[in-house]
Amino acid sequence: MYIVRHIEDLHRIIRIWRKYNSTTGFVPTMGALHAGHLELVRAARKSDTFTVVSIFVNPTQFNDKKDLDKYPRTEKEDLVKLEAEGVDILFLPDAEEIYPEGGFRMPEMKLGHLMNKLDGVMRPGHFEGVIQVVYRFLDLIRPDRIFMGLKDFQQQLIIREMMLQAGMQVELITVPTVRESNGLAMSSRNSRLTEEERGNAAVLYGVLGKIRKSILKEENFEDACREGIKELENAGMKVEYIQWVDAGTLEPSTGNEEESILMAAVRTGEVRLIDNILV
Ligand code: AMP
C-alpha cells in the first residue's frame with residue numbers, strides 16, 4: 001500500500017495505473033476506521049482494479065468546533081487495517097493540500113432542495129463542506145466509482161446529485177449500514193460513548209424498527225413517532241428529529257412513493273448519532 005500525502009505523488013501513481021486499462025474505486029473517510037468503513041473498502045476491491053482510500057478530517061464540514069477537536073484520530077491502527085484489506089493507495093493529505101491558497105474552482109450547482117432539510121437544518125454549513133471536499137477529491141483522483149455508506153443517507157443523495165450536475169462520470173455505489181450486534185450503527189463517534197451510553201444508543205435502531213412496522217400496518221405515524229421519542233428520552237437521548245421522507249427527494253412521505261425512508265438524529269451525552277431505515 002502506498003501512503004501518499006501529496007497530490008503530485010498521487011498523480012504520479014494514478015498516471016501509471018491508467019496505462020493498464022484499469023479502473024479505480026475511491027472510498028473517502030475521516031479515519032478512526034471501523035467495520036463499516038472496511039465494508040466500503042471490500043466493495044471497492046471487488047469492483048475495481050485499484051482502490052484509493054482517503055483519510056482526511058475535513059475541517060469545513062464541522063459546524064461545531066468542539067466536535068472537530070474531539071473527532072477520534074487513530075492513524076496507526078487505520079493504516080494496519082487498510083493494509084490488511086489490500087488497499088492500493090492511502091491518501092493522507094493535510095488541509096493545505098486540499099484547500100490551497102487561492103482556492104479551487106467548482107461549477108455552480110443547485111442542491112438546496114436536498115440540503116435544506118434534516119441534517120442540513122440541524123448542522124448549518126455541514127453539507128457545503130462535504131460537497132466541497134468530495135468534489136475536490138473526485139477532481140484529484142478521477143475514480144470510476146465512489147463508495148459511500150447508506151448510514152449517511154442524505155450525504156450520498158446530495159453527492160449523487162452533485163456529480164450529476166457537475167457532469168462527473170463517476171458511479172456512486174452505496175453500501176448498507178454495518179451495525180454492532182445490538183443494532184447500533186457503527187460510527188467513529190461511537191468511541192466517545194460511555195459503556196452505558198453505548199448500550200442506550202442501541203435503542204435508536206429498535207425504535208426506528210417499531211415505527212417502520214407501524215407505518216407498514218398503516219397505523220398513525222405521529223402516534224408511533226411520539227411513542228418512539230418517549231422511549232429514546234427514557235434511554236437518556238435528546239431527539240433532534242425523526243422524519244419519514246421520500247427517499248428520492250427527502251420531502252415528507254405521502255406513503256405512495258417508490259421508496260421511503262425513516263431518518264433520525266439524536267444526541268446522547270456529548271455525541272450526536274444519526275441512523276435510518278428504509279420503509
Ligand atoms: P466517515 O469516516 O464518517 O466520513 O465515513 C466515511 C464513509 O463510511 C461514508 O460514506 C459513511 O457513510 C460510511 N460509513 C460510516 N459508517 C458506516 C456504517 N456503519 N456502515 C456502512 N458505511 C458507513
Side-chain angles (χ1 to χ4, degrees), residues 25-47 51-64 67-68 70-75 77-79 81-82 85 87 90-93 95 98 114 118-119 123 126-138 141 143 145-163 170-193 198 201-202 204-205 208 247 261 263-266 271-278:
F26 171 50
V27 182
T29 82
M30 297 204 297
L33 301 179
H34 51 67
H37 295 115
L38 299 184
E39 221 28 55
L40 303 187
V41 171
R42 284 173 205 142
R45 289 261 294 135
K46 251 188 231 152
S47 58
T51 305
V52 180
V53 176
S54 64
I55 295 181
F56 180 61
V57 183
N58 175 33
T60 70
Q61 72 187 69
F62 284 81
N63 52 311
D64 175 357
D67 189 29
L68 172 61
K70 292 197 172 167
Y71 201 83
R73 288 160 170 90
T74 58
E75 195 176 303
E77 289 90 335
D78 291 351
L79 224 133
K81 288 177 188 171
L82 295 175
E85 291 295 333
V87 166
L90 167 57
F91 185 39
L92 275 172
I98 295 303
L114 296 174
L118 303 154
D119 262 25
R123 303 185 65 190
H126 166 66
F127 286 125
E128 284 82 350
V130 171
I131 289 166
Q132 188 184 34
V133 78
V134 175
Y135 180 87
R136 176 79 169 138
F137 276 129
L138 291 175
I141 298 167
R145 268 165 285 277
I146 180 171
F147 295 80
M148 303 190 91
L150 281 175
K151 192 197 129 225
D152 298 275
F153 188 83
Q154 188 172 9
Q155 169 173 283
Q156 60 81 35
L157 203 62
I158 291 171
I159 295 300
R160 195 180 288 279
E161 183 63 23
M162 182 268 282
M163 295 194 303
V170 184
E171 189 183 356
L172 171 60
I173 307 286
T174 51
V175 173
T177 303
V178 178
R179 298 177 181 280
E180 308 275 2
S181 54
N182 65 6
L184 174 63
M186 289 195 181
S187 162
S188 304
R189 289 186 179 86
N190 291 356
S191 66
R192 291 177 51 208
L193 295 171
R198 189 179 270 264
L204 177 57
Y205 185 53
L208 289 180
I261 186 165
M263 316 238 313
V266 303
V271 181
R272 184 174 189 274
L273 304 170
I274 57 170
D275 203 349
N276 62 65
I277 185 169
L278 288 167

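Indexing begins at 1, ligand by ligand and atom by atom, following the structure's order. Worth knowing before you read on, the calculation uses all heavy atoms, side chains too, and leaves out hydrogens, waters and symmetry mates. Note that this is a predicted model, so its numbers are computed, not measured.
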Study note, to complete from the structure: With heavy atoms and a 4.0 Å threshold, my read on which part of H37 contacts ligand 1 is side chain
**Study point:** M186 neighbourhood, listing ligand 1 atoms whose heavy-atom distance to it stays under 4.0 Å
**Key:** 16 (N), 17 (C), 18 (C), 19 (N)
Check your understanding: Taking only heavy atoms of G36, which atoms of ligand 1 are found under 4.0 Å from at least one of them?
Key -> 18 (C), 20 (N), 21 (C), 22 (N)
Practice item. Check each heavy atom of P176 against ligand 1 and say whether those closer than 4.0 Å belong to the side chain, the backbone, both or neither. Key: backbone
Review point. Out of curiosity, is R179 lining ligand 1, as in a heavy atom under 4.0 Å away?
Key: no
Check your understanding: How does M148 reach ligand 1, if at all, at less than 4.0 Å between non-hydrogen atoms: by side chain, backbone, both, or neither?
Key -> both
Exercise for review: Given salt bridge (Lys or Arg N to Asp or Glu O under 4.0 Å), test R272 with D119 step by step and report yes or no.
Suggested key: CA-CA 11 Å; R272 184 174 189 274; D119 262 25; 2.8 Å; yes
Exercise for review: Drop me the distance from L90's CG to L79's CG, to the nearest 0.5 angstrom.
Suggested key: 5.5 Å
Check your understanding: For ligand 1, which part of S187 has a heavy atom less than 4.0 Å away: the side chain, the backbone, both, or neither?
Key -> neither
Point to revise | Ion pair check, D275 and R179, cut-off under 4.0 Å | key: yes
Point to revise | Option with minimal heavy-atom separation from atom 7 (C) of ligand 1, where the choices are I55, L40, T29 | key: L40
Review point. So which protein heavy atom does atom 20 (N) of ligand 1 come closest to, and at what separation?
Key: V178 N, 2.9 Å
Exercise for review: Kindly determine whether Y205 and I277 satisfy side-chain contact (heavy atoms from CB on, under 4.5 Å), including the steps that lead there.
Suggested key: CA-CA 8 Å; Y205 185 53; I277 185 169; 4.1 Å; yes
Exercise for review: Under 4.0 Å from a heavy atom of T177: give me the atoms of ligand 1 that qualify, with their elements.
Suggested key: 19 (N), 20 (N), 21 (C)
Check your understanding: Side-chain contact, heavy-atom cut-off 4.5 Å: Q154 with I261?
Key -> no
Check your understanding: Quick check: does D152 get an N/O under 3.5 Å from an N/O on ligand 1?
Key -> yes
Exercise for review: Give a yes/no verdict on whether any heavy atom in K151 is under 4.0 Å from an atom of ligand 1.
Suggested key: yes
Exercise for review: Quick one: do Q132 and T60 satisfy side chain to side chain donor-acceptor pair (under 3.5 Å)? Show the steps, please.
Suggested key: CA-CA 8 Å; Q132 188 184 34; T60 70; 3.0 Å; yes
Check your understanding: Can you tell me which residue and heavy atom of the protein come closest to atom 3 (O) of ligand 1, and the distance to 0.1 Å?
Key -> Y71 OH, 3.8 Å
Point to revise | Candidate with minimal heavy-atom separation from atom 6 (C) of ligand 1, of G149, A35, P28 | key: P28
Check your understanding: Which is it for Q156 and ligand 1 at heavy atoms under 4.0 Å: side chain, backbone, both or neither?
Key -> neither
Exercise for review: May I ask you to identify the nearest protein heavy atom to atom 17 (C) of ligand 1, giving residue, atom name and distance to one decimal place in Å?
Suggested key: H34 CE1, 3.7 Å
Practice item. Please name the residue in the list V27, T74, T29 that meets the side chain to side chain contact (heavy atoms under 4.5 Å, CB included) test with I55. Key: T29
Check your understanding: Would you say the side chain of L184 lies within less than 4.5 Å of the side chain of N190, judging by non-hydrogen atoms?
Key -> yes
Study note, to complete from the structure: shortest atom 4 (O) of ligand 1-to-protein heavy-atom contact is with M30 CG, 3.6 Å
Point to revise | Sub-4.5 Å side-chain heavy-atom contact between I274 and D152 | key: yes
Revision key, fill the gap. The reported gap from CD in Q155 to OG1 in T174 (rounded to nearest 0.5 angstrom) is 12.0 Å
Review point. Can you tell me how far the CZ atom of R123 sits from the CG atom of N63, to the nearest 0.5 Å?
Key: 5.0 Å
